[in-house]
Structure formats: C-alpha cells, structure tokens
2 protein chains.
Amino acid sequence: MSNKMFDLSKEIGSFVKMLPMSDQRVINDIRSFNRFYTAQLGLLQQHIFDSEYSLTEVRVLYEINFNRQTTATGIRDALQIDAGYLSRILRKLEKGGLILKHPLPEDGRSSYLSLSDRGRRLMTKMGTLSDDQLRVMMAHLTPAAQETVAGAMNDLRRLLSAPDGAATMDQITIRTELLPGDLGDIISLHGKLYMQEYRYDTRFERYVMETIQDFMVHYHPARDRVWLAVCSGRLVGVVAIQHRPAKQAQLRWFLISPDFRGIGLGKALMQQAMDFCREQKFKKVYLLTTDQQDTAAALYKRWGFIKKSSVPATLWGHELLEERYEREMQ
Amino acid sequence: MSNKMFDLSKEIGSFVKMLPMSDQRVINDIRSFNRFYTAQLGLLQQHIFDSEYSLTEVRVLYEINFNRQTTATGIRDALQIDAGYLSRILRKLEKGGLILKHPLPEDGRSSYLSLSDRGRRLMTKMGTLSDDQLRVMMAHLTPAAQETVAGAMNDLRRLLSAPDGAATMDQITIRTELLPGDLGDIISLHGKLYMQEYRYDTRFERYVMETIQDFMVHYHPARDRVWLAVCSGRLVGVVAIQHRPAKQAQLRWFLISPDFRGIGLGKALMQQAMDFCREQKFKKVYLLTTDQQDTAAALYKRWGFIKKSSVPATLWGHELLEERYEREMQ
DNA sequence: CCGATTAAGTTGCTTATGTCAAATAAAATG
DNA sequence: CATTTTATTTGACATAAGCAACTTAATCGG
C-alpha cells in the first residue's frame, strides 16, 4: 500500500524526545499483542477470502458498503491503497457485477460507487461466514469472558481511533437502575480518581463508602436516584440525588473519569439530575465539596449553584476548606 | 499462506449450532475491531519494513529470534507459510548474513536456525524503531488511558490465545498493599459474582460493604491483612484475615473471578493467608459462609476447616443455612 | 473566456509476494 | 533392503501491489 500521506517516521524524530521512556512495559504489551493479533487476523482472513476476491478487494467492498456514495478517492484515502491498483480492483469488481458506478453530474471525472444486489448478497454471505468463524473462536469462552473480549476491543478502538483517544457520547450509556457491583464501582472510581488527582488516600475511599451506606439506609426508590455512565462495561461517570428533610435534596458523587471529560457527559448527567429535582419538586438542592475541586466548582456555578459556606477543616488528612453550594429550585 | 492444517470452516458446520445466536452484539464488536485493527497494523507495519525485508521475512526473523534452535519446519508450523516460499526466504536471509544454518548431526535434512550478530542487530534496530512508532501512537493518550490500552490488549491475548481462555498464574500478581480503589473493587467483585452465580441482589453488596467498614474500623496494620490478585489492572481474586479477640482470626471475602478458577489461584491465596495466620500465632481461624457456596466449602475443608454450626437464616432475601467453619492452628 | 495548474482516474510496466507441483535426499518403517 | 515418510529445495506460475506516465475534467488567476 502506498504510504505518502501518513509518514509517521518523520514525526518520530521530533516527537519522541518528549515522551517518557518509562513506559516500556506498555510498549512491550502492545508489541506482543500486535504479533499475536497479526497471526489471529491471518487465520480468520484466510477463510473468508477463499472466494475469488482478495483481502484488499473485500476491504474495498466493505468500504463501499459502509460509506454509501463514496468515490474512488474516498476509498483511496480510507484504505491507503495505490490509485492505479484501486482502479483495477474497481474494474474487476464492476466486471464481476458486484458494484455499480454512477457518474457524478457535477464532476465528470468521478463516479459514486455502490454495491449491486449481487454485491450486497456476497457481503452478507461473507459476513455470516465470518460471524460463524468468530462464534467458533468464542465458543469455548464463558459469557463473562466474551463480554471482556468485546469490552476490551471497544476500549482499544475508542482509544486508538480518535486522535486524542477521546470518547464520544454515543459510546456511553447512562442508566439509573442500581445493579450489583455498582455501589462498589462508585466507591472504587472515587478512590482511584481522587488519589490520582488530589493524592487522597484510602481514608477518602472509606468516607465515600460511608456516604454510600447512608444513602442506601435512607434509600427511597422514588425520591433518590443514581445516574451511572457506563462505557464498554466500565463505570466512567456518576451523579446522584439524595432526598433530605424539608423538601431539600443533596447532590452527591458527581464524578467523571478523566478520559471522558470535555465531551458533554458532565452536562448530560447534571441535566438529568436537575430534571429529576424539578420533577420531584425539591425546593432546594445542596452539595458539599472542598476548595480543592475547583473545576467541579466552576461547573456547579454554571448550573446555578451558589457557594453558601466555606469552613476550614481537616479531612482525610488534608487541610482544606469544606464548602457548601446551594441552588434554589424556582 | 497455506492453510491445510487448520481449517476452521470444516468445524463450523458441526459446532455452530450449539452456540447461542444471541451474542450478535459481541460478534459485531469483534468484527468492527478486526476491521479497525487491520488498518492499524497496516499503518504500523509499513514503516517498520521499508527496509529491504518484507513483513513475512521479518516475521520469520522474529520467529528464529524467539525460538532459539528451531528448524524450517518449526517456523513453517508457527507462521503457517508455504514450505517452498520459506525455503527461499531462508536462503535470502542467509545470503544477507542475517541468519546462520547449523546442520543437525542427527538429521541430515534439517538445520537449526539462529540469528547472526548482524541479524540480532537488525532485530533490535527494528524493535526500537517500532517502539518509537508505538510511542508516537500513544503520545496523546493520558497515562491512565495507556494503562487501559495495555490492559485491554493483555486481556485479549490471554482470552484468545489459550484454547479455553484460561489465565495462568504468571499473569497474575498478588499484593497486600491496600490502594485507593481496592475497597470498592472488593465490594464490586462480590456484588457482581454473587449476582451471577447465586442471584443475590444489591442487598448482598451492601452487606459486604458493611463488613468492609467493620474491617477498616478495627484495622490493625500488623494483625489484619488483605491479599489482592490482580490481572492486567483488574481485581480477580481476594482473601483477607481479620484479627479477632482471644487470639482468633476471621477469614473473609475469599473469592475468585470465574475465569481465573482452576489455575491454583485459590490455593495461592489461601496459602498466603494461612502462612500469615501461623506467623501471627492465631489460635483459631474461622469463617462464615452459607450452604449455597458448596464449591468454596469443599475448598475450606481441604484446608482443614471444619463445619462447626449451621443455622437457618434469611439473608439478603434468600432462605439458607448460615454456616461457620473453624480451623485450629496447631 | 483562456491558458496554466490541479485533481481524479486509467494504463503500461515492473517487482514483490505467494502458491503448487515435482524433485531430491535423508530418515524411518517393516 | 525396498518402501514409505519427512524435510527441504527447485521450477513454473499466479496474484498482489507499486510507480510513473498519461488522459480527461475541473479550477484558478488573470
């Protein structure tokens, strides 16, 4: 495949010096994975493509099927193959009656490409064939292990595809049903993140555990609610509303995993929480935080929360200001 | 590549009917991952191999480097390439001074293959080259995200390489230091597994949380201990010893993730726990369980625990027998 | 509008990659 | 010792892929 457009090797010289060399372990893991998965893909592909079409030809077919209304250039960019080679592949596929060319009215040089009925049939046939192979491959794994496989693959695709490894909202589901494991995951997420970001130790995690206890003891299915943001089986964001005496409510455990920030997840969670508070006709919503969580504070303010108090305290081994924010619900 | 030895397609007919068709989601995830990773590997490989040696030639070199003292047949089996093609590759590599052939004294047809100094140098050069590429690839990811990538890859390799997806002990590390996130993970693991295996609901998870609270309240660094079995960043097994009045101790949270059972992990954990109890000179160790955890019970018995009581109770919404096992420490 | 330039796709030519079948030669078998 | 099997090699061939020159259509700058 031609390779003019994306020459990493030129960037290496300038980039690599900025990178930590300490991560050799990660690099080794990736290398052995790549070697392993090269073989794995080889095994799979042999069987799909004992048809009269080659791997590359099938990849072209996939591309045409996937992107409706693409041109030769689109495919060339997507699959990074030589234009001349592609031209011949397209001619072969057209001769074989798998694809159709629709000349562009606005550009006499290009044609839209689409699958013919026959092409579509071939794709589905190959699809089911390869699905069957994958089923054989997965047959000896427990359902839980299969979930792990799918989750790991989704993680990799997400992290390696976006240039900055950012997730998008459509990879995340938000649910309110509290399933076994969720309580522990909320505690764990807090423990890990606050350690990463504020150097809090296990004492903080214990504190979170106590608040969860408290929440569950007073739990009222209608008046309390937790929103859990989950991406490929992992908890990546939380928020909860806990009812309090006198038509008040407390917002708790608002937290988003760093790799999922800046994509509107915080907004989505907060939106649902606030909507819930309105529905429940809480008069006032409050939350407790510290002066160290400044980015969170900014977000609270944006959502109409106002700092009502700020008292010095020693919490979890840190000297800080314990702050209380409130918001009146019209 | 030739493909006579491993023809999955023949197995498909007989196997596939036994498999659940419901897992189409998993299959789809795998398919899109494969498409994605094919491209990814393509990108990487282009750059490594703009040397005068092809992908396959380099794979052969890897194989020779990796398996010291292999023959042509060994490589042929490992990489599944045509014998004739391989013969030519080997000749080219030998001419290029990268490999050496050492005729076998006991078999005049074959030779052991090994890398020459020059070959070794090339391998390390390509190794560092490809490492640099991987560094560039990972540069824009946060360290946490990089960990996720490595973890996901290790999971995949482990699950897809062993025929039954079984882990081996060397992929697991057991530690006793209690880090932030661990408490939550222990709770979560219990919640998820007991739901999967005994249909316990969140009430059980809350109970576990309370026991963890209790443990932490009375925590004594010398006399209490937790063993955490971790595989690619995920908690897969636990056991703990909690000191009790009168030189007694309680064994708690003994649990192993299903995919990690039957590989000696339970034994390893129990061994460490019992060694600890002996060191601490506890007179008696006890544990509480129910009649439903029968496989665990068998293991307890094997480790010298004896059932001392069995009383009917309603716990976490289930009618069961609450059982107490004890073991005298000589 | 026109010549120059750029972009999309095609074609001829070449090399690299891989396969198949037959040949060779050493080892194992009976 | 004849026969079969195994490991490797060789020859002939086919496919896959890349490069460069070319055609045709669009665009751009005056």
Side-chain angles (χ1 to χ4, degrees), chain A residues 1-7 38 42-43 45-47 49-61 63-64 69-96 99 101-113, chain B residues 1-5 7 38-39 42-43 45-61 64 69-96 99 101-113:
Chain A
M1 292 176 198
S2 124
N3 172 20
K4 291 258 168 75
M5 347 218 81
F6 197 71
D7 195 343
T38 304
L43 275 182
Q45 281 158 358
Q46 286 165 16
H47 294 275
F49 310 116
D50 47 321
S51 68
E52 56 188 312
Y53 297 96
S54 76
L55 170 54
T56 315
E57 285 161 344
V58 174
R59 289 180 68 198
V60 170
L61 281 174
E63 198 60 29
I64 295 175
Q69 296 220 319
T70 185
T71 67
T73 312
I75 296 174
R76 207 179 68 85
D77 290 347
L79 301 183
Q80 304 267 312
I81 56 184
D82 178 76
Y85 184 31
L86 177 59
S87 173
R88 268 181 269 263
I89 288 178
L90 291 175
R91 188 169 49 210
K92 180 179 171 191
L93 294 178
E94 199 185 10
K95 248 190 198 164
I99 65 171
K101 287 189 179 178
H102 312 277
L104 282 191
E106 71 271 23
D107 188 337
R109 297 169 303 179
S110 313
S111 303
Y112 279 141
L113 301 168
Chain B
M1 292 174 199
S2 123
N3 171 19
K4 293 259 168 75
M5 345 217 85
D7 194 343
T38 304
L43 275 180
Q45 282 157 359
Q46 284 165 20
H47 294 275
I48 310 175
F49 310 117
D50 49 319
S51 68
E52 55 187 311
Y53 296 96
S54 76
L55 169 56
T56 314
E57 286 161 344
V58 174
R59 290 180 68 197
V60 170
L61 281 174
I64 294 174
Q69 297 219 321
T70 184
T71 66
T73 311
I75 297 175
R76 207 180 69 85
D77 290 348
L79 302 183
Q80 303 266 311
I81 57 185
D82 178 77
Y85 184 30
L86 177 60
S87 174
R88 267 181 270 263
I89 288 178
L90 291 176
R91 189 169 50 210
K92 181 179 170 191
L93 294 177
E94 197 186 10
K95 249 190 196 163
I99 64 170
K101 288 189 180 178
H102 312 275
L104 282 190
E106 71 271 22
D107 188 336
R109 297 167 302 177
S110 313
S111 305
Y112 278 139
L113 302 168

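Chain naming here is simple, since letters A, B, ... match the order of the sequence lines and numbering starts at 1 in each.
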Q: Send over the distance from B:I81 CD1 to D:dA7 C1', rounded to a whole Å.
A: 15 Å
Q) Closest approach of A:E57 and A:I89, non-hydrogen atoms and distance? A) CG-CG2, 3.6 Å
Q.
So, using side chain to side chain contact (heavy atoms under 4.5 Å, CB included) as the criterion, who are the partners of B:E94 when residues are at least two apart?
A. B:I99, B:K101
Q) C:dA8 P sits how many Å from A:R76 CZ, rounded? A) 8 Å
Q) Where do B:P103 and B:S111 come nearest, in terms of heavy atoms and distance? A) CA-OG, 3.8 Å
(Q) Under the rule for salt bridge (charged side-chain N to carboxylate O under 4.0 Å, His left out), what residues qualify as partners of A:E63, not counting sequence neighbours? (A) none
Q. Rounded to whole angstrom units, what separation is found between the CG atom of B:L93 and the C1' atom of D:dT9?
A. 16 Å
(Q) Nearest whole Å is fine: how far is C:dT17 P from B:K92 NZ? (A) 6 Å
Q) Can you list the residues that meet the side chain to side chain donor-acceptor pair (under 3.5 Å) rule with A:R109, with sequence neighbours excluded? A) A:D107
Q | B:I89 CD1 to D:dT9 C1', straight-line distance once rounded to whole Å | A | 14 Å
Q.
I need a per-nucleotide contact map over nucleotides 10-15 of chain C, read 5' to 3'. Cutoff is protein heavy atoms under 4.0 Å; write B for the base, S for backbone only, - otherwise.
A. BBBB--
**Q.** Distance below 4.0 Å between A:T73 side-chain N/O and C:dA7 OP1 or OP2
**A.** no
Q) B:L79 has an atom CG; how far is it from atom P of C:dT17, in whole Å? A) 15 Å
Q: Within residues 105-113 of chain A, find the residues that approach DNA chain D with a heavy atom at under 4.0 Å, and present them sorted by residue number.
A: A:E106, A:D107, A:G108, A:R109
**Q.** Interatomic distance, A:I75 atom CD1 to A:I81 atom CD1 [nearest 0.5 angstrom]
**A.** 7.5 Å
Q. B:L55 has an atom CG; how far is it from atom P of D:dA16, in whole Å?
A. 17 Å
**Q.** A:R76 side, atom CZ; A:L86 side, atom CG - distance, nearest 0.5 Å
**A.** 8.5 Å
Q | Test side chain to side chain contact (heavy atoms under 4.5 Å, CB included) applied to A:L90 and A:I64, step by step | A | CA-CA 10 Å; A:L90 291 175; A:I64 295 175; 4.2 Å; yes
(Q) Checking A:Y112 now: which residues fulfil side chain to side chain contact (heavy atoms under 4.5 Å, CB included) with it, not counting sequence neighbours? (A) A:Q69, A:T71, A:H102, A:L104, A:E106
